[in-house]
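See below for the structure under consideration.
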Number of protein chains: 2
Amino acid sequence: MAKDFQSSKPIYIQIADHLSSQIVRGEMRAGEKLPSVREMAIQSGVNPNTIQRTYSEMERMGIVETRRGQGTFVTENEQVLKDLKSRLQTDIIHSFVQNMKDLGYSQEEMITGLEQYLRREQE
Amino acid sequence: MAKDFQSSKPIYIQIADHLSSQIVRGEMRAGEKLPSVREMAIQSGVNPNTIQRTYSEMERMGIVETRRGQGTFVTENEQVLKDLKSRLQTDIIHSFVQNMKDLGYSQEEMITGLEQYLRREQE
DNA sequence: ATTAGTGTTCTAGTTAGATAGTACACTAAT
DNA sequence: ATTAGTGTACTATCTAACTAGAACACTAAT
């Protein structure tokens, strides 16, 4: 991962989002160890303190658990992961609907607009 | 409008987005005068300098035109407004698709997920 | 006991966004 | 000419996010 962050969102949140996606997709399993703070900092090209915040935030949300001296691990609590996926999906859809509504689109137009976009993308 | 900004995005951009939506929805017509910098600052509960940045940014994008001593006006160039609406819509859909893809959803699931959400919303 | 790898904490400094206050310049109406 | 309303410009200050560097504390393996 290089430095291609959007300036609008704090980097530590962006990294947390990215990790959350990986976990939700099943790319990282429950109980699996995340890269160490220092390792992840190098991978992401940011300061270790930034990763520290990312991990702290994710621990606060119950997504990961840290064991001092051992590392940071994806939670074994499957329910938390299930809820996380559900919440992330709802958030995305909600914000999509809200944004389209702000532009004046009807529910019908949202669906047809999406379908047309996906059809175009497949080529 | 009160102070209910998201912390993640610069306020001057959020206000620009909001105004753009109003224009695209037709709530503000081509040629119409926007509130003055000072007036808009009071309405939005922010500093005039912040609005100044909003208007500068929107002028840079060709959405508005400023006439010194007279005010800031929605551009008369209908093509610009048409392109703006199209661009905003595409951006929203694109980011929705990208986010859903990141969570591991297929194109089918995106559409059915959206439909289910809208169905629920109608109640 | 020592070492390597880990999370944790602290202080200091930088930057962008936002605020605050003031002043200047242009336009239209009086 | 004056005035009110407008955009524009400038300096100073504040804060959150981020960076930088160092130190501390715990764990497991040797």
Side-chain angles (χ1 to χ4, degrees), chain A residues 1-20 23 28 30-77, chain B residues 1-20 23 28-76:
Chain A
M1 195 196 312
K3 287 196 185 187
D4 62 337
F5 300 113
Q6 310 169 338
S7 57
S8 61
K9 220 172 179 180
I11 292 175
Y12 78 102
I13 298 284
Q14 292 183 50
I15 295 175
D17 287 348
H18 184 246
L19 288 172
S20 295
I23 293 169
M28 301 204 67
E32 191 169 332
K33 184 176 177 304
L34 278 70
S36 78
V37 169
R38 292 169 180 78
E39 170 67 20
M40 191 64 183
I42 294 170
Q43 276 184 32
S44 307
V46 302
N47 192 277
N49 287 331
T50 303
I51 304 299
Q52 172 65 22
R53 267 194 230 172
T54 297
Y55 285 4
S56 296
E57 179 64 13
M58 292 180 78
E59 181 162 38
R60 197 188 60 76
M61 294 191 289
I63 303 171
V64 301
E65 289 166 8
T66 61
R67 297 179 213 140
R68 200 186 178 97
Q70 296 187 58
T72 304
F73 303 82
V74 178
T75 181
E76 307 263 13
N77 188 334
Chain B
M1 195 197 310
K3 287 196 184 187
D4 62 338
F5 300 112
Q6 308 169 340
S7 58
S8 61
K9 220 172 180 182
I11 294 174
Y12 78 100
I13 298 284
Q14 293 182 49
I15 295 175
D17 288 347
H18 184 246
L19 288 173
S20 296
I23 293 169
M28 299 205 69
R29 302 296 176 83
E32 191 170 332
K33 183 174 177 305
L34 277 70
S36 78
V37 169
R38 292 169 180 80
E39 170 66 22
M40 191 64 181
I42 293 171
Q43 277 186 32
S44 306
V46 302
N47 192 278
N49 288 329
T50 303
I51 304 299
Q52 173 64 24
R53 267 191 233 173
T54 298
Y55 284 4
S56 295
E57 180 64 14
M58 293 180 77
E59 180 162 39
R60 197 187 59 75
M61 295 193 288
I63 303 170
V64 300
E65 290 165 7
T66 61
R67 297 180 213 137
R68 201 186 176 97
Q70 295 187 57
T72 304
F73 303 81
V74 179
T75 182
E76 307 263 13

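Worth saying up front: this structure is predicted, and the values here are computed from it rather than measured. Each chain gets a letter, A, B and so on, in the order its sequence line appears, and its residues count up from 1. Below, all heavy atoms of this structure are taken into account, side chains as well, without hydrogens, waters or symmetry copies.
If you measure from atom CZ of B/Phe73 to atom P of D/dG5, you get 15 Å, rounded to the nearest angstrom. For B/Glu65 and D/dG7, the CD to P distance is 14 Å, given to the nearest whole Å. Computed from coordinates, the B/Arg67 CZ to C/dA25 C1' distance equals 18 Å when rounded to whole Å. In this structure, A/Gln52 places its CD atom 11 Å from C1' of C/dT6, rounding to the nearest Å. Between the CG atom of B/Leu34 and the P atom of D/dG5 there is a distance of 19 Å, rounded to whole Å. When rounded to the nearest whole Å, the span between CZ of A/Arg53 and P of C/dG7 equals 17 Å. Counting to the nearest Å, the C1' atom of C/dT14 and the CG atom of A/Asn47 are 12 Å from each other. Computed from coordinates, the B/Lys33 NZ to C/dA28 C1' distance equals 13 Å when rounded to whole Å.
Across every strand in view, C/dT14 sits in a pair with D/dA17 that passes the Watson-Crick or G-U test at under 3.5 angstrom. Figure legend. C/dT2 is base-paired to D/dA29; pairs are counted as Watson-Crick or G-U wobble with both atom distances under 3.5 Å. With both pairing distances under 3.5 Å, C/dT9 is matched to D/dA22 as a Watson-Crick or G-U wobble pair.
Looking at B/Glu32, its side chain does come within 3.5 Å of a backbone N or O of B/Arg29 through a donor-acceptor pair. A side-chain donor-acceptor contact under 3.5 Å links A/Ser20 to the backbone of A/Ala16. Side-chain atoms of A/Thr66 do not come within 3.5 Å of backbone N or O of A/Thr72 as any donor-acceptor pair. Between the side chain of A/Thr54 and the main chain of A/Tyr12, a donor-acceptor pair closer than 3.5 Å is present.
Residue-to-nucleotide contacts include no donor-acceptor pair under 3.5 Å from the side chain of B/Arg38 to the base of D/dG5. The base of D/dG21 lies close enough to the side chain of A/Asn49 for a donor and an acceptor atom to sit less than 3.5 Å apart.
Across the interface with DNA chain D, nearest-nucleotide mapping of A/Tyr12 and B/Glu39 shows B/Glu39 to be the residue nearer the 5′ end.
The phosphate of D/dG7 (OP1 or OP2) has no side-chain N or O of B/Thr66 nearer than 4.0 angstrom. The phosphate of D/dA28 (OP1 or OP2) has a side-chain N or O of A/Gln70 nearer than 4.0 angstrom. Note on B/Thr50: a side-chain N or O is less than 4.0 Å away from OP1 or OP2 of C/dT19. Taking only side-chain nitrogens and oxygens, A/Thr72 never comes nearer than 4.0 Å to OP1 or OP2 of C/dT6. For the OP1/OP2 pair of C/dG5 and a distance below 4.0 Å, the side-chain nitrogens and oxygens of A/Ser36 include no atom meeting the criterion.
Between atom NE2 of residue A/His18 and atom CD1 of residue A/Ile23 there is a gap of 11.0 Å, rounded to the nearest 0.5 Å.
When all heavy atoms are compared, the tightest approach of A/Glu65 to A/Glu76 is OE2-N, 4.4 Å. The minimum heavy-atom distance between B/Tyr55 and B/Leu19, with the atom names listed, is CE1-CD1, 3.9 Å. Annotation for A/Val74 and A/Ala30: closest pair CG1-CA, 3.8 Å, computed over non-hydrogen atoms.
Closest to the side chain of A/Pro10, from the set D/dT8, D/dA17, C/dT19, is D/dA17. Closest to the side chain of B/Val46, from the set C/dT6, D/dT19, C/dT19, is C/dT19. Listed nucleotides D/dG7, C/dG17, D/dA25 differ in distance to A/Arg68; the shortest reach to its side chain belongs to D/dA25.
Residues from residues 56-63 of chain A lying near DNA chain D, meaning a heavy-atom separation below 4.0 Å, are absent.
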